[in-house]
Number of protein chains: 2
Amino acid sequence: MPRTVDHAQRRAMIAEGLVRLAAREGLHSVTMRAVAAEAGVSLRLVQYYFETKAALLHATLLHLEEASHARWRERLAALPGPVPARRFVEALLAEALPTDERSRAFHLVWTSYAVLAMTEPDLAAQPFVAGPRRLERQLAATLREAAGELPEGADPAAEAARLLALAHGLGTSVLVGQRTGDSAEAVLRYHVDRLFTRAEPA
Amino acid sequence: MPRTVDHAQRRAMIAEGLVRLAAREGLHSVTMRAVAAEAGVSLRLVQYYFETKAALLHATLLHLEEASHARWRERLAALPGPVPARRFVEALLAEALPTDERSRAFHLVWTSYAVLAMTEPDLAAQPFVAGPRRLERQLAATLREAAGELPEGADPAAEAARLLALAHGLGTSVLVGQRTGDSAEAVLRYHVDRLFTRAEPA
DNA sequence: TCCTTTGTGGTACCGATGTATCATAACTGG
DNA sequence: CCAGTTATGATACATCGGTACCACAAAGGA
């Protein structure tokens, strides 16, 4: 019988152990035994809660996805009622950059999974396609509604694609150590400034 | 004595085998034996030409880097004498997107290495930092010289960062299957159009 | 109360993988 | 022509990693 935690909690603890480990030592060094050690449980327990390694990886991916959604919901909820388009965009992009250590770990592991999915179609490549796609549609819709704040001739769909690709590219460059989080934020601010500027500045 | 090829050629052949394999089945399934099979040589030969696996990976990374530089030199040489800034930028970005199969393989393997380097600092993280940094400086310089063609208030350094991050982000989204190469090119063209537009279009 | 389900530990097994070893050809310089 | 370096083959070895198996405790319902 479980001492203090139930099934779902145990699974979450193990999944989080995997994420910590993968963020620290890379997804390639994620082994059943290593995950067990990181989570402070026995190998057998990892086997018990996740039948196979593939299942463990899959479940952890879902865990990551859910955590990301949760953070995004929180951030949206923190905004006051009717959200100006610019605030919405800024909130979105703030989540897209690996700023603190926690966010860095998330992005690192997420990227590792994405690279894995590029050659392993069986490993649900879904999240890495459907997720961004949905986000882009949502963002495009928001921009379309706020067309008045955009420069003339701006294409909401293209702008949405640009924003997300830019944020992702900047995020990666931070992960790899090419630039600091601050400098990435500066570039992003520069972009958003120009996006929401109707006419040339005097 | 080698039948028809010399030492350096053999090494190149094996490295290219590794790249093909990694592009097809992922870097995680790159093993000494698999590389040997892909290159059509015996395991012993891979061992002989590259003492250890780490050495093989490292050498292949250099191989990739060199190949990339070569392609870039070619593309620049194909341009007519005095290069307009816009042409330069377009040539640069054309190389940055995984369009054909060959380019896709290159980007895929390069990205795999980059992700690996995020947690394995001993594996020369250099290329993934120094390379883009140098490129960004070069691009910023080009844009600074062409300030006349840019909108007023445009910051060449920020624009350079934006271009490269955008290209990289788009490249990744193509790799992962989120968008097609054509759509990525369209977004990139959209961006370059707006970058080289001084005033609002009539 | 007993038997079934759930949770936990320990450990064995088999395949894969990096590396080391032994043998041997092929060519080269003296 | 003969050592010796270079190149190649086959195979052995040790380790690691995923999975399977066995034993057992602790409930929980019939």
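To find a chain, count down the sequence lines: A is the first, B the second, and so on, and within it residues start at 1. Scope of the values below: all heavy atoms of this structure, side chains included, with no hydrogens, waters or symmetry mates.
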Quick one: B:R11 CZ to D:dA7 P, roughly how many Å, whole number? 12 Å
From CZ of A:R10 over to P of C:dT6, roughly how many Å is that when rounded to an integer? 17 Å
What one should report as the nearest heavy-atom pair of A:A91 and A:L79 is CB-CD1, 4.2 Å
For A:Y48 and C:dG7, is the shortest distance between a side-chain N/O and OP1 or OP2 below 4.0 Å? yes
Any A:H7 side-chain nitrogen or oxygen under 4.0 Å from OP1 or OP2 of C:dT6: no
Given the ring of A:Y48, does A:R10 sit roughly above its face, with NZ or CZ under 6.0 Å from the centre of the six-membered ring and within 45° of the axis? no
On a heavy-atom basis, the closest approach of A:S173 and A:L170 is OG-O, 2.7 Å
Can you tell me how far apart CG (B:L21) and OG1 (A:T119) are? Round to the nearest 0.5 Å. 10.0 Å
Give me, pair by pair, the N or O atoms of the protein and of nucleotides 14-20 of chain D that are less than 3.5 Å apart, along with how far apart they are.
unit_1: D:dG18; atom_1: OP1; unit_2: A:K53; atom_2: NZ; d: 2.7
unit_1: D:dG18; atom_1: OP2; unit_2: A:T31; atom_2: OG1; d: 2.5
unit_1: D:dG18; atom_1: OP2; unit_2: A:M32; atom_2: N; d: 2.9
unit_1: D:dG18; atom_1: N7; unit_2: A:R33; atom_2: NH1; d: 2.7
unit_1: D:dG18; atom_1: O6; unit_2: A:R33; atom_2: NH2; d: 2.9
unit_1: D:dT19; atom_1: OP1; unit_2: A:T52; atom_2: OG1; d: 2.7
unit_1: D:dT19; atom_1: OP2; unit_2: A:T52; atom_2: OG1; d: 3.3
unit_1: D:dT19; atom_1: OP2; unit_2: A:K53; atom_2: N; d: 3.0
unit_1: D:dA20; atom_1: N7; unit_2: A:Q47; atom_2: NE2; d: 2.9
unit_1: D:dA20; atom_1: N6; unit_2: A:Q47; atom_2: OE1; d: 2.8

Look at the side-chain N and O atoms of B:S42 and state whether any lies under 4.0 Å from the OP1 or OP2 oxygen of D:dG9. yes
Separation of atom NE2 in A:H28 from atom C1' in C:dT17, rounded to whole Å: 15 Å
Counting only side-chain N and O atoms of B:Y49, is one of them less than 4.0 Å from OP1 or OP2 of D:dA7? no
Has A:R133 got more than 12 heavy atoms of other residues, nucleotides or ligands less than 6.0 Å from its CZ? yes
May I have all residue pairs that pass ring-ring contact (aromatic ring centres under 6.0 Å, His included) and include part of residues 138-185 of chain A, sequence neighbours excluded? none
